[in-house]
Amino acid sequence: MKTSLFNLQFGSFALLSVFYSGCTAKTAEPSMSDMPVVATTIQVGSYPVLSCSAEQLKDTVRIPLSELADELHIVPLDGSDVAQVKAGSFSLLSEKYILVYNKTYSHIPAKVFTKEGKYLTDIAPIQTQTKWVKKGTNELIKTDTPVNAPVYHYQIDDKTDRVYFIDCNSSIILSQEIAENGTHHGFHKLAENIRFPKAVFRVQDNLLHVMGLSFDAKNPATQYTAFTQEVNNPQRIIHAVSAQNYVRSQGKYSNEIYLNENTEELSMAFISSLLPESQEADTLYYYRPGASQLIPKFVMTPPKGCTVYYNELPAYYYGNISTIKQIATGSYQGERGEDFLIEKASGRGGIAILVNDYLDGSVDPMGIFCFRNGYYQHLIEPKELKELLTRCLKNGKLSSEKEKEYTKLRDSIGTNDNSYLIYARLK
């Protein structure tokens, strides 16, 4: 099986044993205002699109976290046995909750905590599997049995206190209530028997916006690349965008789709296949119900043999250029390359190195992959956090209040603690 870039980003990167390197940022570093203009506006149909060639990214800028996000918080996750999370897990924050999941495509149930770290419930992804079982001596009956399913995309909905999620090749979005030991599942069928190979979505009040990969625009199940319906009414589609101009045929399942959740827009991007012959200049789009097409906003031409991952922050386009390495005949894997940051307003940008100046000023090797759902967020193991706080306390740059807070926290950390979450809201 070909390695998926999405698995690389959210799986292999999770194996980093140290989140912070301890390398202290220099004081006389260039800022974004010193970066050259690397992106210009081009016209694509009736839409202005910021365009950049990766070859233009020749300068490097160190980005203090404080320029992108507000005050830092460190939350200890519940230490009870049922609340334990695996090393290398990922987090998704909302205003009220913390969701921790193992990785994309995982069968392992996710866990929900309050924003203060109290464990609430597991989110057990299930799908229905049809089996024939024996009844009596010679009779077989058909039964639908819930089984664990690998999840592709999660959303926390604070208004309804539910977690919504979807697996691959699914025509149903599932949901589960957030409550202590909550088990009530909802099944939200997609309209017109649509079944995307891979899909992302956003629930907004009573509307469900779905965006997915299509390998065949003539197939009724994948005739759209984005559509809107009512959450609990699959009888009709309110709005849809045809998949005709967005078919991902080359590489097929090694293509990915990603929903950028750091702005109010339905900001989405396709991530190219890892196959070298299928490389292309991918585009970051907005899906706006009512428009006849996806609205292009940013495009980058990747270097030969590379693929580009896009993220979006309120004032920037932020991404990563990954190289493609052949590991066997017909099999490739991505190797993470350099992050880039481009200012939307000016087009200035360069290779970006994220440094956590709220703590010890060290380089954050996760970079772009720390920003989701409007937050900087990092799960960290207790031993690593203790070492990080020790370095932070030695640099002498903390306020007396923060020094007291971090000293108390460091001294309280035990080797058998659950993971800790470091987070900050994006500006």
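Bear in mind the structure is a predicted one, so any value in this text is a computation, not a measurement.
Residues N262 and N311 bring a donor and an acceptor atom of their side chains to less than 3.5 Å of each other. Between H73 and Y375, the side chains place no donor N or O within less than 3.5 Å of an acceptor N or O (distance only, hydrogens not considered). Using modelled atom types, one finds a donor on one side chain and an acceptor on the other under 3.5 Å when comparing S346 with E343. Using modelled atom types and a 3.5 Å distance limit, the side chains of N395 and D360 yield no donor-acceptor pair.
Screening K297, E312, E265 for a side-chain hydrogen bond (donor to acceptor under 3.5 Å, both in side chains) involving Y286 leaves a single residue, E312. Of the residues listed (K159, H209, Q155), the one engaging Q204 in a side-chain hydrogen bond (donor to acceptor under 3.5 Å, both in side chains) is H209, and it is the only one.
Using a 4.0 Å cut-off between a side-chain N of Lys or Arg and a carboxylate O of Asp or Glu, R62 and E67 do not qualify as a salt bridge.
L421 places none of its side-chain heavy atoms less than 4.5 Å from the side chain of I74.
The aromatic ring centres of Y318 and Y310 sit 6.0 Å or more apart. Taking the ring centroids of Y101 and Y154, they lie under the 6.0 Å cut-off.
Both tests pass for K344 against the ring of Y317: distance under 6.0 Å to the centre and angle within 45° of the axis.
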Please step through salt bridge (charged side-chain N to carboxylate O under 4.0 Å, His left out) for the pair D157 and R162, ending with a clear verdict.
-> CA-CA 5 Å; D157 185 18; R162 301 186 77 83; over 6 Å; no
Evaluation steps, ring pair (Phe, Tyr, Trp, His ring centres under 6.0 Å), between Y309 and Y258 | CA-CA 9 Å; Y309 167 89; Y258 186 74; 5.3 Å; yes
